Amino acid sequence: MTESKSMILGCSGHSITPEERSFYQSEQPWGFILFGRNISEPAQIADLVASLRDSVGRDAPVLIDQEGGRVQRIRPPILPHYPSGQALGDIYRQNRERGLRAAWLMSRLHAFDLLKFGINVDCLPVLDVPVEGSSNVIGNRAYGGDPVTVTEMGRAAAEGLKAGGVLPVMKHMPGHGRGFADSHHELPVVTVPRAELEGHDFPPFVALKDELMAMTCHVVFTDIDPANPATTSRKVIDEIIRGHIGFQGLLLSDDTSMNALAGTIGERATNIVAGGCDIVLHCNGVMDEMRQVVCNVPALTGASLARAKAVEAAFGRNDGADEASIRAEFDAMFAVA
């Protein structure tokens, strides 16, 4: 069997084109990611997921950002509109145990929802801890503005996904909460001392360091590496993510096509690999860009391959809970449209 390459790719529409099928078959991305452009109705989603896996000839991971709030790729009428992380955090601030239960329940519902389509990875929880005045790119996606709230709620969310057989991806390591720019469009630069980051921004990731997957942030931390964003910084990845935080799981870049990163798409992919990420994530499904990515990423080998295999081995676990009872309990907390 052809080796998988160190990348996750998107696709352009509601079904894969003959060109995409041939491309995926020959280039063998480790996994795929879906966005709103890929969603029309339930049978179509399931068919698309099945065809993506068929194109590479194996049960490849399929990811999605299904947080709730404004970042929810599958929306009504296909799935309910779920509340934001901040709304869950509001419950936590009134009643800690009730808030933790709400976070777990919502993630458990995500798992029910997504597995029906064959999607088995949710890019959740958001473990960023925003500060006053930071960019709204995180905003109400965060559970709160303090590391304890974010840690506890993030852990509950991750556990809810895993209970239903969907694996979480922590984001955005080592922390996007101080970004005063939207990294989709420009490069955020954080100038506070490392000690302050260790006390406020990094703790949720330290607490959840044993999760199997995490996604980086395209943010410069000048007190650690003034020249490179975390995604392409060997210093941030080695010293902070692998060192201080202690994360030894599969590290995904944030999206290669985001304009916080400099250079061509191919140069960005090269820099992501050189920085120490295990997986290059490219989301927009643009074929010309994907062709640049595949020329600049290696096959999965060594420690990266071992981490990917650990992820694959964790799929399929499920607590067997009853969906109707889980949904009824959650609906008692929220009026889900």
Side-chain angles (χ1 to χ4, degrees), residues 2-10 27-33 61 63 123 169-176 179 181 183-190 194 197 202 205 209 212-284 286 288-311:
T2 306
E3 291 180 314
S4 300
K5 285 190 175 179
S6 302
M7 59 189 181
I8 292 170
L9 300 178
E27 299 299 341
Q28 289 290 311
W30 180 70
F32 299 96
I33 188 164
L63 293 72
C123 298
V169 178
M170 301 181 287
K171 57 190 187 187
H172 305 81
M173 194 177 278
H176 204 311
S183 54
H184 293 86
H185 306 295
E186 56 185 310
L187 179 62
V189 178
V190 173
R194 174 172 169 171
L197 296 169
F202 300 165
F205 297 103
K209 67 182 180 182
L212 292 174
M213 286 181 281
M215 181 184 294
T216 62
C217 62
H218 300 332
V219 175
V220 168
F221 300 93
T222 60
D223 200 32
I224 302 166
D225 182 350
N228 301 289
T231 299
T232 60
S233 171
R234 175 63 70 172
K235 190 173 178 66
V236 170
I237 290 174
D238 286 354
E239 290 189 16
I240 303 302
I241 293 177
R242 300 299 189 190
H244 173 79
I245 289 173
F247 176 68
Q248 298 305 317
L250 191 71
L251 188 63
L252 286 56
S253 74
D254 204 346
D255 185 12
T256 312
S257 60
M258 290 165 62
N259 288 327
L261 298 182
T264 66
I265 295 295
E267 289 166 346
R268 296 174 190 184
T270 296
N271 293 337
I272 289 167
V273 172
C277 284
D278 297 304
I279 298 286
V280 175
L281 176 66
H282 185 270
C283 296
N284 67 19
V286 174
D288 288 347
E289 291 191 11
M290 292 195 292
R291 292 193 185 281
Q292 293 182 59
V293 170
V294 302
C295 292
N296 292 279
V297 299
L300 271 170
T301 57
S304 294
L305 177 59
R307 292 168 183 144
K309 286 188 175 299
V311 170

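Predicted model only: the values in this text are computed from it and were never measured.
For the pair Glu3 and Ala299, the tightest heavy-atom approach, listed with the atom from each and the gap, is OE1-CB, 3.5 Å. Taking all atoms of both residues into account, the shortest heavy-atom contact from Asp255 to Cys283 is OD1-N, 3.1 Å. Summarising the geometry of Cys123 relative to Leu63, their closest heavy-atom pair is SG-CD2, 3.9 Å, with the distance given to 0.1 Å. The two residues Val190 and Val219 come nearest to each other via the heavy atoms CG2-CG1, 3.6 Å. Between His282 and Ser257, the closest heavy-atom pair is NE2-CB, 4.2 Å. The minimum heavy-atom distance linking Gln292 with Gly266 is given by the pair OE1-N, 3.3 Å.
Using a 4.5 Å cut-off on side-chain heavy atoms (C-beta onward), Val236 and Asn228 make no contact. Between Phe221 and Pro174 the shortest side-chain heavy-atom distance falls below 4.5 Å. With contacts defined as side-chain heavy-atom distances shorter than 4.5 Å, the pair Pro229/Val220 qualifies. Between Lys309 and Leu300, the closest side-chain pair of non-hydrogen atoms is not below 4.5 Å. Side chains of Ile245 and Ile240 form a contact here, defined as non-hydrogen atoms less than 4.5 Å apart. Contact of the Met7 side chain with the Val294 side chain is registered, since non-hydrogen atoms from C-beta on lie closer than 4.5 Å. At a threshold of 4.5 Å between non-hydrogen side-chain atoms, the residues Ser6 and Val273 do not count as touching. Side-chain contact between Asp223 and Leu197 is absent, with no heavy atoms from C-beta onward closer than 4.5 Å.
Without hydrogens or angle criteria, Arg194 side chain to Ile224 main chain gives no donor-acceptor distance under 3.5 Å.
Among pairs with a residue in residues 242-252, those fulfilling side chain to side chain donor-acceptor pair (under 3.5 Å) read Arg242-Asp278, at least two apart in sequence or across chains. Sorted by first and then second residue, the ring pair (Phe, Tyr, Trp, His ring centres under 6.0 Å) pairs with a member in residues 251-279 form an empty list; sequence neighbours excluded.
Side chain to side chain, Thr231 and His218 meet the donor-acceptor criterion of an N or O pair below 3.5 Å.
For the atom pair CG (Leu250) and CD1 (Ile8), the distance works out to 7.0 Å, reported to the nearest 0.5 Å. To the nearest 0.5 Å, the span separating CG on Asp254 from CE on Met173 amounts to 13.0 Å. Considering CG of Leu281 and CD1 of Ile33, their distance stands at 5.0 Å, rounded to 0.5 Å. Interatomic distance, CZ of Arg268 versus OG1 of Thr232, reported as 11.0 Å (0.5 Å rounding).
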Checklist entry - After noting the C-alpha distance and the side-chain angles of Thr216 and Cys277, does the key distance pass the side chain to side chain contact (heavy atoms under 4.5 Å, CB included) rule? => result CA-CA 8 Å; Thr216 62; Cys277 284; 3.7 Å; yes
Item to check | Derivation and outcome, side chain to side chain contact (heavy atoms under 4.5 Å, CB included), residues Val297 and Trp30 | outcome: CA-CA 11 Å; Val297 299; Trp30 180 70; over 6 Å; no
